[in-house]
Amino acid sequence: RFRASSSAREYPMFSLYHWHCAVSCSAWVCSAVFHSRDLLWTERLDYFSASGVVLFSAYCSLVRLALVRRPAARALAAVSLSLLFTAHVYYLSAVKFDYGYNMAANVCVAAVNMALWLLW
């Protein structure tokens with residue numbers, strides 16, 4: 001049997017998908033809090049966590065498609081997307097909370113993510 005013959009922890013994407021699950025679940029909680037208590041900070045938490053899920057999903061697809069096994073390459077991709085996320089949150093928090101920009105940014109990253117998965 002497959003389960004008896006191998007451990008899931010041996011697979012290179014095991015921990016990454018567990019992190020993806022944690023990020024996605026926290027975004028669902030943030031969304032539920034926002035939709036139960038519509039406040040400024042819960043709205044921001046909802047929008048920022050949704051952006052985080054989209055970017056983390058793009059990171060997973062980059063790692064999966066490129067089969068990035070070298071820690072330095074994975075770290076470069078993680079730092080790049082983290083900086084992108086930080087810039088996005090900063091713009092929406094400190095400059096202007098623009099719903100159209102937020103939607104366009106998330107749709108663009110999601111489209112790239114979808115294209116990466118289709119290439120795989």
Side-chain angles (χ1 to χ4, degrees):
R1 292 181 30 190
F2 175 74
R3 196 95 156 127
S5 66
S6 64
S7 170
R9 295 185 187 276
E10 296 173 9
Y11 297 103
M13 299 293 287
F14 179 80
S15 65
L16 188 62
Y17 286 144
H18 275 301
W19 278 106
H20 189 272
C21 179
V23 169
S24 297
C25 287
S26 68
W28 277 101
V29 169
C30 291
S31 182
V33 169
F34 166 61
H35 290 287
S36 64
R37 295 286 179 212
D38 189 355
L39 302 170
L40 179 65
W41 69 272
T42 59
E43 179 185 34
R44 303 266 168 107
L45 197 60
D46 179 35
Y47 280 87
F48 298 156
S49 63
S51 297
V53 169
V54 171
L55 282 168
F56 198 84
S57 183
Y59 174 72
C60 289
S61 63
L62 277 172
V63 170
R64 182 68 163 175
L65 180 68
L67 296 173
V68 179
R69 300 256 163 53
R70 292 179 299 183
R74 282 178 87 150
L76 179 64
V79 167
S80 299
L81 290 175
S82 295
L83 287 173
L84 184 64
F85 178 72
T86 303
H88 180 70
V89 169
Y90 172 77
Y91 177 78
L92 290 175
S93 297
V95 178
K96 179 184 176 189
F97 197 84
D98 184 0
Y99 294 98
Y101 158 75
N102 184 56
M103 180 64 74
N106 283 316
V107 167
C108 287
V109 173
V112 169
N113 184 23
M114 183 180 63
L116 288 171
W117 280 114
L118 288 172
L119 284 173
W120 182 68

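Below, all heavy atoms of this structure are taken into account, side chains as well, without hydrogens, waters or symmetry copies.
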Flag yes if [X] and [Y] sit in one hydrophobic cluster, no otherwise; membership is Ile, Leu, Val, Met, Phe, Trp, Tyr, and two members link when side-chain heavy atoms are under 4.5 Å apart.
| X | Y | answer |
| --- | --- | --- |
| Trp19 | Leu55 | yes |
| Val53 | Val112 | yes |
| Leu65 | Val63 | yes |
| Tyr59 | Leu119 | yes |
| Val109 | Tyr90 | yes |

Under a plain distance cut-off of 3.5 Å, with no hydrogens placed, do Asn102 and His88 share a side-chain donor-acceptor pair?
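Distance-only check passes for His88 and Asn102.
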Distance (rounded to the nearest 0.5 Å) between [X] [atom1] and [Y] [atom2]:
| X | Y | atom1 | atom2 | result |
| --- | --- | --- | --- | --- |
| Tyr101 | Asn106 | OH | CG | 9.0 Å |
| Tyr91 | Asp98 | OH | CG | 5.5 Å |
| Leu16 | Arg64 | CG | CZ | 10.0 Å |
| Phe48 | Ser93 | CZ | OG | 3.5 Å |
| Leu45 | Leu39 | CG | CG | 11.0 Å |

Full working for ring pair (Phe, Tyr, Trp, His ring centres under 6.0 Å) between Tyr99 and Phe97:
CA-CA 6 Å; Tyr99 294 98; Phe97 197 84; 5.0 Å; yes
Please tell me if the side chains of [X] and [Y] come closer than 4.5 Å, counting only heavy atoms from C-beta onward.
| X | Y | result |
| --- | --- | --- |
| Tyr47 | Leu92 | no |
| His35 | Asp46 | yes |
| Phe34 | Asp38 | yes |

Work out which heavy atom in [X] is nearest to a heavy atom in [Y]; give both atom names and the distance.
| X | Y | value |
| --- | --- | --- |
| Ala27 | Ser49 | CA-OG, 3.7 Å |
| Ser61 | Asn113 | OG-OD1, 2.8 Å |
| Ser57 | Trp117 | O-NE1, 4.3 Å |
| Ala110 | Val54 | N-CG1, 3.9 Å |
| Ala58 | Leu81 | C-CD1, 4.4 Å |
| Phe85 | Gly52 | CE1-N, 3.6 Å |

Short side-chain to backbone donor-acceptor contact, Ser24 and Cys21, under 3.5 Å:
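No; zero donor-acceptor contacts below 3.5 Å.
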Give a yes or no on whether the backbone of Leu76 and the side-chain of Ser80 come within a donor-acceptor separation of less than 3.5 Å.
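Such a contact is found between Ser80 side chain and Leu76 backbone.
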CH2 (Trp28) with more than 12 external heavy atoms under 6.0 Å
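For Trp28, atom CH2 is not crowded (no more than 12 foreign heavy atoms under 6.0 Å).
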Evaluate whether atom CE of Met13 has more than 12 neighbouring non-hydrogen atoms of other residues, nucleotides or ligands under 6.0 angstrom away.
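Counting neighbours around CE of Met13, more than 12 heavy atoms of other residues, nucleotides or ligands fall under 6.0 Å, so yes.
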For His20, ring-ring contact (aromatic ring centres under 6.0 Å, His included) partners two or more places apart:
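Scan of His20 (ring-ring contact (aromatic ring centres under 6.0 Å, His included), adjacent residues dropped) gives Phe56.
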